[in-house]
Amino acid sequence: MNASNLRECAPVEISDSDVMAAMKSMQGYIDITPADFREVYHLAYALAKERMMAAFKASDIMSTPVHAVRTDTDLITTATLLAEKGISGAPVTDDAGRVVGVISEKDFFRQMGASQGETFMAVVAHCLKNKGCAATPMKNRTAGDIMTAPAISASAEVTIGAISALLMEKNINRLPIVETDGHLVGIVTRSDLVNAFCMLG
Amino acid sequence: MHYFKKMLGNTQSPPGVAMSEVLWSWLGSFLGIALVALVHYKLLDRTGLVMIIGSFGASAVLVYGAIRSPLAQPRNLIGGHMLSAAIGVTAFQLIGGQPWLAAALAVSTAIAVMHLTRTLHPPGGATALIAVIGSDAVHKLGYLYILIPAGLGAVVMLIVALLVNNLAQNRRYPEFWW
């Protein structure tokens, strides 16, 4: 995803005629010009957005405990865990429990020939073009072999605004939340964010 | 060029009001000024006091014609007139010998003080000015000018505004008191 895909959450643009129509529907002489009203609206909207984006922190919305795997977990176990839990990815930790990477469907897709796009359909297209394909080369490998590293992670204090920006910017779906020493404490996924914004009304 | 471009303006006038608003504005200002003028001509005529001063005509525009305006609220109406009156009288007493300077100082200082006290009320500028350029009767009042006519007139207009502006279903006054 490039920068032009990053859509800013801008306020709905209102026109002078919208403001004029609204003023007309109110009784009495409204002692403000449409342009001044729009200026107030934009400034107030920016403040409201700032307040909402800082209303929740990672610790308020993260899922915990986290389903994680270790670098030496084999891919069969990893894939089985993801399938059983109905999740599409998980953090990968080292022996000491520190987050060193993230493994997700995308990493598997890449192994299965989806060199571009890293989507399930890219895998399908690859298999059709190459008269079949196999996941067998992955059989004896571990999570540490195919994970995406280093992990993009954040502290429990980071705001939902910063998390949203990070997920958009890095085009990732989950963000492991770690202590300062790298120990895993939770995970924030896109659906956690959707829930958070829902709570904000 | 930016400096001159700013002179072109950048937006439009707010919409005009409904005919009902015109009529309520007319009624309120008629009653408000009538009461102030009655007190002036029927009660105070032989006492040397005055009640009606030009600035109340300007106040009527705001408190009966633009009742939602922050400039038209009680804090501004009362505070703006009384503070400006004090400044106007002081300006006249200190430098009345130079009326042009006293007049300019009275109005400009009144505006500054109204800003600082969040009591900006445009007719206050007239109240300050009249304290300098007014008749001998006004000059003779001295600091009483702050109470009568400035304070009392503003209170009378406020009472009428409270009574009349709240009669209509979809009009309300004030937006805030203080």
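In what follows, chains are A, B, ... by sequence order, proteins preceding strands, each numbered from 1.
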Salt-bridge test for A/Asp74 and A/Arg141: reply yes if a basic N is under 4.0 Å from a carboxylate O, no otherwise. no

Salt bridge or not between A/Asp16 and A/Arg38? Use side-chain N to carboxylate O under 4.0 Å. yes

Counting heavy-atom pairs closer than 4.5 Å to chain B, which one of A/Gln27, A/Met23, A/Met26 comes out on top? A/Gln27

So which of B/Val22, B/Leu71, B/Asn10, B/Asn170 has the largest heavy-atom pair count under 4.5 angstrom toward chain A? B/Asn170

Check each of B/Ser59, B/Ser84, B/Ser69 against B/His121 using the side-chain hydrogen bond (donor to acceptor under 3.5 Å, both in side chains) test, and report the only one that passes. B/Ser59

With respect to chain B, which residue among A/Asp31, A/Ile32, A/Asp36, A/Val19 yields the maximal number of heavy-atom pairs within a distance under 4.5 Å? A/Asp31

Which atoms of B/Ser13 are under 4.5 Å from chain A, going by heavy atoms: the side chain, the backbone, both sets, or neither? backbone

Could A/Lys57 and A/Asp60 be called an ion pair, given the rule that one side-chain N must be under 4.0 Å from one carboxylate O? no

